[in-house]
Amino acid sequence: MLPTLDQAKFTYMLSGSPLAGLAKTAQFGDRVLSYSADMDCVSAFAQGREVIVLGLCVDARGQLAASDVPDFLLGQSVDFPSLLPLTDRLAGRFVIIYRDMSGLYAATDAAATLHVNYMEQGPLTLASSEQLLAKKFGLAPAQSAQKIWKGCTPSAKFLPSDMGMCEGIRFLQPNHYLGPLGAVRFFPKGWNEPDLTPKQAAERIVPLVRNAVKALSARLHLISGLTAGYDSRLVYAFLRESVREPFCYTYINAGFTASTPDLAVSKQLAELFHIRYEQVARERAPADFVQALKALCGSWTPDAQINAAYAFRQAGFGELTYVGGALVDQIGRDHVANGLSHRTKGERFIRSAERNYELLAWDEIHKWCEGASVDPGRASLVDLYAWECLCGRWATNPPLVHAMAGNGYLNIFNCREVLKTMLRVPSRDRFARKLHVEMYKMIAPELLDVPFNPPQTAMGRVKRTRPYAYLANYLGFLVRARRYRG
């Protein structure tokens with residue numbers, strides 16, 4: 001069965017008329033909200049103010065039912081800016097749409113896992129997929145965007161900053177809201193919370209994630225991947241607290257053998273801890289499936305992401321919802337700087353992290369750095385980049401592709417309160433996996449007994465050192481960029 005709009009998940013459009021193919025609609029002022037059948041749409045109205053919470057939204061503090069969230073947001077705020085801090089406690093995959101006498105507003109979940117693509121001109125028009133807007137308004141990819149896309153390294157295909165592939169479309173990044181004057185940054189804005197030790201942070205994060213997983217598992221059948229790494233095992237640890245006999249799987253990628261750590265270690269974990277587990281061959285999507293999915297996600301969608309969505313369906317997981325832990329890697333492990341001091345890392349370092357060799361991309365990166373550097377408080381440029389660009393623009397693309405293929409896809413750490421707590425742990429401690437270890441100690445200390453990512457060679461051990469990380473990420477990028485430009 002080929003992907004079609006009527007079987008997509010986590011898909012919506014807010015525009016002047018209903019979007020054919022989406023099962024449900026709701027009126028929002030003079031706009032029409034069309035959305036897929038799997039999504040909740042809960043709202044509240046009071047004194048000329050209205051808010052809609054669209055998607056799957058749960059309270060990570062475990063105090064509010066999903067149906068109570070809109071009333072809570074309106075009751076504790078006077079306008080949209082004062083409403084935004086109240087969303088820190090929310091987890092899941094959702095967008096918030098709001099209106100009052102001053103106009104219409106929108107904001108994403110913590111990491112923008114449910115995208116807000118919007119038209120720069122005209123009445124407020126939003127969609128979860130840029131391609132839906134491009135098709136509605138007859139737009140094609142801009143030449144400048146195509147050049148920037150070509151300049152991406154193959155393993156990191158995403159556009160910089162809030163740039164859209166089509167002229168006139170922008171992407172709403174995390175830590176921003178959309179209002180009558182366009183996109184506005186609301187975080188960090190002088191945020192100056194003190195440092196936390198890894199243990200202190202874990203004691204705050206674990207209850208939040210536990211509550212989120214409990215609420216999500218009450219609604220959906222959850223499944224997680226399992227590899228040799230820290231993140232997938234941590235997701236499993238949280239999952240097994242709320243899900244009876246959770247199911248895990250590992251993809252058998254090209255070149256994998258029985259001794260490949262992702263296969264060998266995950267199999268060892270499954271045997272030791274009696275995990276329901278399967279190793280699944282990653283099949284390549286046929287041409288007609290690729291074509292159908294690109295018609296929904298955009299012609300620029302990487303084949304690797306389409307293949308992953310296809311393999312999930314072919315494995316028989318279509319009725320299950322995948323839960324991942326990407327955010328605890330990019331932010332919780334200091335993925336960008338790898339424990340190096342953030343104080344000396346400016347725009348040039350961010351360019352290397354972006355891994356885009358096209359000069360036009362560097363102009364967009366410069367604009368983002370300028371905006372992120374205004375009143376940053378204790379938040380470093382590196383951490384904001386990891387959150388808003390690496391997570392918001394790269395790590396959230398697979399969820400979009402999976403959703404358009406009809407697959408469920410969530411992240412259990414997708415909560416602003418969780419991510420802000422991670423940022424308070426010094427980068428060197430995050431890189432050393434001390435935050436991960438403290439969370440394991442609280443919920444599943446026995447999982448620490450099986451080695452993580454065992455290096456198979458001496459070079460593998462060298463690659464985990466901070467000096468190597470600097471040379472590979474920064475100096476290596478400059479060499480490759482020079483080669484790209486000839």
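All of these numbers come straight from a predicted model, not from anything done at the bench.
- Using a 4.5 Å heavy-atom cutoff, the side chains of L410 and L216 are in contact.
- Side-chain contact of H366 with E347: a donor-acceptor pair under 3.5 Å is present, judged by distance alone.
- With hydrogens and angles disregarded, no donor-acceptor distance shorter than 3.5 Å links the side chain of S373 to the backbone of G371.
- Taking the ring centroids of F158 and W300, they lie at or beyond the 6.0 Å cut-off.
- Note that R282 lies in the cation-pi zone of Y251, set by a 6.0 Å cut-off to the ring centre and a 45° limit from the axis.
- Here K24 does not pair with D40 in a salt bridge; the nearest charged N to carboxylate O distance is not below 4.0 Å.
- Under the 30°/60° scheme for interplanar angles, the aromatic rings of Y322 and H402 are found to lie parallel.
- Within 6.0 Å of atom CZ in R204, 12 or fewer heavy atoms from other residues, nucleotides or ligands are found, so the atom counts as exposed in its surroundings.
- Under 3.5 Å, the side chains of H176 and D162 contain no donor-acceptor pair of N or O atoms.
- Remark: aromatic rings of Y177 and F80 are close, center separation under 6.0 Å.
- Considering only heavy atoms from C-beta on, N407 comes within 4.5 Å of R313 through its side chain.
- The aromatic ring centroids of F10 and Y35 lie 6.0 Å or more from each other.
- Side chains of N175 and E388: a donor on one and an acceptor on the other come within 3.5 Å.
- Between D195 and R378, at least one side-chain N (NZ, or NE/NH1/NH2) sits under 4.0 Å from a carboxylate O, which counts as a salt bridge.
- Side-chain atoms of S77 and R49 include a donor-acceptor pair closer than 3.5 Å.
- Defined by atom type and a distance below 3.5 Å, a donor-acceptor pair is present between the side-chain atoms of T396 and H115.
- Sorted by first and then second residue, the pairs that involve residues 50-76 and meet side chain to side chain donor-acceptor pair (under 3.5 Å), not counting sequence neighbours, are E50-R99, D59-R89, R61-E417, Q63-R89.
- Applying the side chain to side chain donor-acceptor pair (under 3.5 Å) definition to pairs two or more places apart or across chains, those involving residues 122-135 are R31-T125.
- The side-chain hydrogen bond (donor to acceptor under 3.5 Å, both in side chains) check on K420 picks up D88, with sequence neighbours excluded.
- Defined by atom type and a distance below 3.5 Å, a donor-acceptor pair is present between the side-chain atoms of S232 and T227.
- Taking the six-membered ring where the residue is Trp, the centroids of Y118 and F171 are separated by 6.0 Å or more.
- If you check the side chains of D383 and Y385, you find no donor sitting under 3.5 Å from an acceptor.
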